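Below: the structure, in structure tokens.
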Amino acid sequence: MTQHTDPCHPETVRVVASHQARARQIAAELAAIAATGMVLPGSITQRRTRCGRGNCACRADPPKLHGPYWQWTRKIAARTVCRWLSPAQREDYQAWIDNDRRLRDLLGQLEELGADALDADPRWQRQPEPASRRTRQTSS
Ligand SMILES: [Zn+2]
């Protein structure tokens, strides 16, 4: 973002066309994902487990662990919540998790656009220099 607003009229922050175009692209994709309603926080991980039976193959050397099982994990406040999923559920809900990741990514891109616009604000160059003003005040 290189275009600046007119320094003579700094009261209006004009957003550059490329910024607006990108924001519209992001908004369209955000809306499309939201409209599906298929959004799930957290992650799905594969687990292989050992059981309690001492003579089971999962205790052998090398061990033959049970599974794979699928576990959905999410954070609620500081607490981690887990649920076991069937393979079919895992297949269905992975796309929901991917959608959630994409929403967060898009929101991050939108925030980056805002941060870039703030950086490009020409009023940064019009700030008074506190040091010279302080000198003037003390000398008069
Ligand atoms: Zn076992």
Side-chain angles (χ1 to χ4, degrees):
M1 200 163 301
T2 49
Q3 190 184 328
H4 297 277
T5 54
D6 185 350
C8 298
H9 303 281
E11 57 281 347
T12 54
V13 178
R14 265 188 283 152
V15 174
V16 296
S18 62
H19 177 127
Q20 275 306 91
R22 184 65 195 125
R24 271 194 295 273
Q25 277 179 353
I26 292 169
E29 198 180 339
L30 280 170
I33 293 170
T36 67
M38 295 161 72
V39 177
L40 188 67
S43 59
I44 294 173
T45 48
Q46 193 190 80
R47 299 260 186 253
R48 289 176 177 276
T49 61
R50 238 184 267 268
C51 72
R53 286 177 294 144
N55 61 346
C56 184
C58 68
R59 302 269 167 193
D61 186 23
K64 197 167 175 285
L65 298 177
H66 301 280
Y69 303 112
W70 299 99
Q71 193 175 43
W72 172 60
T73 306
R74 75 177 291 200
K75 287 252 191 218
I76 298 178
R79 215 161 47 94
T80 302
V81 177
C82 300
R83 279 185 92 162
W84 293 108
L85 303 177
S86 71
Q89 285 176 315
R90 185 261 168 179
E91 200 140 304
D92 289 345
Y93 288 104
Q94 185 59 55
W96 294 41
I97 301 257
D98 295 343
N99 282 343
D100 185 63
R101 297 244 164 94
R102 185 64 183 152
L103 284 183
R104 289 164 195 275
D105 177 50
L106 288 167
L107 204 55
Q109 289 180 37
L110 205 52
E111 288 173 343
E112 249 347 278
L113 279 179
D116 288 347
L118 184 66
D119 280 345
D121 191 319
R123 286 170 292 186
W124 290 123
Q125 292 144 24
R126 298 173 71 242
Q127 288 193 347
E129 291 165 45
S132 60
R133 200 167 51 183
R134 204 177 304 122
T135 310
R136 217 178 300 133
Q137 280 169 349
T138 50
S139 61
S140 61

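We count ligands from 1, going down the list as the structure has it; atoms in each ligand are counted the same way. Numbers here are sequence positions counted from 1. The shown structure was predicted, so the numbers you read here are calculated from the model rather than taken from an experiment.
Residues R47 and W70 are not in side-chain contact: their nearest non-hydrogen atoms beyond the backbone lie 4.5 Å or more apart.
Listed by chain and number, the residues in a ring pair (Phe, Tyr, Trp, His ring centres under 6.0 Å) with W96 are Y93 (sequence neighbours excluded).
For the Zn ion (ligand 1), protein N/O/S neighbours under 2.8 Å (waters excluded) are C51 SG, C56 SG, C58 SG, H66 NE2.
Under the 4.0 Å criterion applied to side-chain N and carboxylate O atoms, D100 and R104 are assigned as salt-bridge partners.
Of the possible polar contacts, none joining the R74 side chain to the V81 backbone as a donor-acceptor pair under 3.5 Å is found.
Q94 contributes atom CD, which lies 10.5 Å from atom CG of N99 (distance to the nearest 0.5 angstrom).
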Going through the distances and angles, do R53 and R59 end up as a side-chain contact (heavy atoms from CB on, under 4.5 Å)?
CA-CA 8 Å; R53 286 177 294 144; R59 302 269 167 193; over 6 Å; no

